[in-house]
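Just follow the structure's listing: the first ligand is 1, and inside any ligand the first atom is 1. Worth saying up front: this structure is predicted, and the values here are computed from it rather than measured.
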Amino acid sequence: MGDSKGIFLNSPLLKSIGDLSAFKDKGEYGILGAVVVGMLIPVLLSALFMGKKRIKVRGVQAEVGGEAGYTVRNARKNELVEVPWKGATTVAALFEQSCKKYSQNQFLGTRKLIGKEVVTSKDGRQFEKLHLGEYEWQTYGEVFHCVCNFSSGLVKFGHDVDSRAAIFSDTRPEWLIALQGCFRQNITVVTIYASLGEDALVHSLNETQVSTLICDSKQLRKLDSISSRLTSVQNIIYFEDDGETKDTASGSLSKWAVASFSEVEKLGKESPINASLPSKGEIAVIMYTSGSTGLPKGVMITHGNIVATTAAVMTVIPKLGSKDVYLAYLPLAHVFEMAAESVVSAAGCAIGYGSAPTLTDTSNKIKKGTKGDVSALKPTILTAVPAILDRVRDGVLKKVEEKGGLAKNLFETAYKRRLAAVRGSWFGAWGLEKILWDAFVFKRIRSVLGGKIRFMLCGGAPLSGESQQFIKICMGAPIGQGYGLTETFAGAAFSEWDDNTVGRVGPPLPCCYIKLVSWEQGGYMTSDKPMPRGEIVVGGFSVTSGYFKNQEKTDEVYKVDEKGMRWFYSGDIGLFHQDGCLEIIDRKKDIVKLQHGEYISLGKVEAALSSSSYVGNIMVYADPLHNYCVALIVPSRQALEGWAQKAGIGDKDFRELCGKSETVSEVQQSLSKVAKAAKLDKFETPAKIKLLPDPWTPESGLVTAAFKIKREQLKAKFKDELHKLYG
Ligand SMILES: *[C@@H]1O[C@H](CO)[C@@H](O)[C@H](O)[C@H]1NC(C)=O
Ligand SMILES: *[C@@H]1O[C@H](CO)[C@@H](O)[C@H](O)[C@H]1NC(C)=O
Ligand SMILES: *[C@@H]1O[C@H](CO)[C@@H](O)[C@H](O)[C@H]1NC(C)=O
Ligand SMILES: *[C@@H]1O[C@H](CO)[C@@H](O)[C@H](O)[C@H]1NC(C)=O
């Protein structure tokens with residue numbers, strides 16, 4: 001999936017997740033346990049091979065309108081689902097009905113700040129450590145009151161209901177309350193990822209002519225420097241932080257009407273006004289996502305889109321209900337988190353708010369000896385993106401390695417046995433053996449995430465099969481892997497809980513069809529054997545209205561068929577397995593046709609070459625006017641300096657080292673070797689390379705916050721270097 005669809009994560013988030021590994025040290029795994037398990041293995045082995053492998057059909061072919069292709073719908077529903085239940089046709093209606101239905105249940109939970117301290121590390125750096133209390137809850141009924149009060153207060157405060165409001169803040173309960181408050185007055189909400197930067201913020205607020213900006217106090221402090229460029233903004237509402245006093249008189253803030261969230265709530269309480277509810281076709285959210293070139297684009301999401309995805313995902317998570325506890329910590333400005341919170345609030349679950357740097361007991365900002373968010377909340381449902389799950393896996397493996405000895409052997413045996421069972425048979429997967437391994441080996445690992453997780457939702461980018469199996473086995477919870485884009489409000493395909501295969505994203509969600517359309521130039525055809533392949537096109541209720549003020553781009557990738565159904569052309573290439581499950585295999589943009597007609601998939605080549613130890617980051621580039629490709633490489637400093645020392649090149653400056661021809665030829669040899677191992681063709685092996693000493697960081701705009709390369713930006717920045725490589 002491209003940059004515009006990848007989830008944005010702040011690098012501190014990833015760093016703190018690394019700490020997940022530090023599961024509590026309670027001594028070695030019980031020796032007794034090992035013995036018991038060891039004796040039982042032969043008995044259980046026989047049970048293991050009794051089960052038969054059955055193929056469950058999850059998606060079936062469907063007749064639809066529009067362009068010819070191979071279309072599949074969810075096998076459980078004959079017709080597309082549009083709403084979670086009758087009458088819930090808008091987000092506002094769904095929310096109100098849910099709040100009435102579950103009025104006494106716990107809904108939104110937060111932790112009060114008990115204490116703050118600054119510790120200085122050995123190298124002199126200072127870290128803020130927080131001591132946070134237990135979760136304190138508001139019920140669905142209470143939250144609904146807050147929403148009504150905020151909604152009235154917003155109008156009373158002076159927001160013109162015919163103009164838009166924007167929310168620009170970290171994930172927290174007030175975010176959801178403000179969002180729902182706006183919906184009750186039929187106000188469209190603009191959202192922007194915090195990591196997109198100032199220019200993107202100014203652009204999106206101006207393009208949508210936002211008059212009220214709702215933000216947290218952290219963002220409030222940043223507004224000073226851009227205030228002169230925010231020409232449409234008139235009102236600012238900010239979320240207060242525990243233990244912080246407001247300082248709004250300073251600087252340019254005086255040019256706006258500024259109020260705190262609670263002041264607005266109070267205004268509304270004093271002078272309530274009637275709701276003015278939207279209808280299903282109205283735009284609920286304009287969500288800005290990074291474009292592959294230049295400025296971000298705003299996707300117009302209707303109320304109908306949101307309730308459709310919500311309805312569909314609710315059918316996929318088994319037994320979702322008011323006993324479930326969900327931990328919210330990913331950015332709400334991303335479609336994946338917004339969809340997830342919509343689903344769990346429609347099902348009456350409790351939502352506890354947390355943040356990446358306070359997630360676990362050993363996270364950066366958690367004071368030693370106090371609880372992280374997962375330990376305090378013990379969630380049953382968690383969302384994650386692949387980058388996070390990869391970190392969890394690496395962390396656990398590292399810890400196991402450190403322990404060594406019996407613990408390591410036991411872990412490895414347990415893991416192998418579970419893997420074989422999960423792959424092999426139904427009985428093996430759920431039998432007595434599983435119970436034993438869980439009790440003696442995996443229980444401790446699970447406590448890292450609170451110990452109660454029963455379902456994980458994963459999306460944003462493809463998860464590697466390895467990580468998927470690992471998390472599933474170690475955490476003991478199925479992972480639903482989703483494929484969705486902002487343009488389809490996250491709703492496209494979703495893997496089912498009982499599907500033990502890896503690398504696939506499941507059948508279409510019941511709110512939409514997925515059609516593969518042949519892409520002749522790229523060599524992907526629906527007539528391909530053994531499985532149909534083509535560009536992934538999504539049609540149905542979750543398909544959004546298009547890009548704000550960008551009819552040209554909208555017409556390029558959205559089409560309405562003769563029956564009135566909207567289809568979105570994703571640019572991703574997929575194939576359908578026999579059971580109706582989708583697998584993402586390539587991306588249109590990343591495939592280049594070379595001079596002699598061969599096709600080169602840049603992503604595939606990059607993935608293969610990354611296994612060279614010298615490669616820190618890589619972008620492969622292919623000019624269609626030549627018959628070979630080239631590559632820009634940020635070398636791994638450690639590996640390269642290690643080699644240089646051995647080769648006697650010694651204590652050279654790293655920059656100089658990258659420029660030396662011996663270095664380039666060493667790296668190139670290594671690339672040839674891994675290319676051969678990965679069975680790449682000659683034209684797929686870079687003929688020339690350039691080593692770049694400076695790392696590509698999210699701050700430089702060359703990679704996304706999830707460290708995916710941004711091809712267009714890299715091409716622009718290193719235009720001259722690329723030109724020279726072909727020279
Ligand atoms: C804001 O948008 C208007 C058009 O809607 C444009 O004329 C103006 O230059 C923009 N201002 C900024 C600061 O981008
Ligand atoms: C909101 O207003 C209602 C009255 O309309 C009041 O009962 C309630 O306590 C208020 N809630 C908050 C959180 O201000
Ligand atoms: C609000 O709605 C109620 C009932 O629908 C109505 O009686 C009342 O006049 C309305 N108030 C305003 C200020 O429109
Ligand atoms: C909601 O707002 C939109 C645009 O701002 C407007 O066209 C529509 O008529 C409104 N809907 C209702 C039900 O008031």
Open item on the list: Below the 3.5 angstrom mark, is there an N/O of S279, backbone or side chain, next to an N/O of ligand 4?
Closed with: no
Task: Protein heavy-atom partner closest to atom 5 (O) of ligand 1 - residue, atom, separation in Å - done: Q209 NE2, 4.4 Å
Open item on the list: Check this for me, if you would: do E96 and K100 make a salt bridge, where the nitrogen-to-carboxylate-oxygen distance has to be below 4.0 angstrom?
Closed with: yes
- [ ] Before accepting this row, confirm whether a basic side-chain N of the pair E535/K515 lies closer than 4.0 Å to the acidic partner's carboxylate O.
- [x] no
Open item on the list: Classify the ring geometry of Y558 against F568: parallel below 30°, tilted from 30° to 60°, perpendicular beyond 60°.
Closed with: tilted
Open item on the list: Please tell me if atom 2 (O) of ligand 1 is touched by the protein, where touching means a protein heavy-atom distance below 4.0 Å.
Closed with: yes
- [ ] Decide whether a cation-pi geometry holds between K559 and Y569; the criteria are a distance under 6.0 Å from NZ or CZ to the six-membered ring centre and an angle within 45° of the ring axis.
- [x] yes
TODO: Around atom 13 (C) of ligand 4, find the nearest protein heavy atom and jot down its residue, atom name and distance.
DONE: L277 O, 3.4 Å
Task: Presence of salt bridge, K266 and E263, under 4.0 angstrom - done: no
TODO: Answer yes when R172 and D216 have at least one side-chain N-carboxylate O distance shorter than 4.0 Å, and no when they do not.
DONE: no
Task: S276-ligand 4 polar pair, N/O distance under 3.5 Å - done: no
Task: Donor-acceptor under 3.5 Å (Q209 side chain, N206 main chain) - done: yes
Open item on the list: Among all the protein's non-hydrogen atoms, which is closest to atom 7 (O) of ligand 4, and how far away is it?
Closed with: E282 OE2, 4.1 Å
TODO: Please write down residue, atom name and distance for the protein heavy atom closest to atom 12 (C) of ligand 4.
DONE: N186 ND2, 3.3 Å
Open item on the list: Geometry only, no angles: is N206 polar-contacting ligand 1 at N/O separations under 3.5 Å?
Closed with: yes
Task: Heavy atom of protein inside 4.0 Å of atom 9 (O) of ligand 1, strictly below - done: no
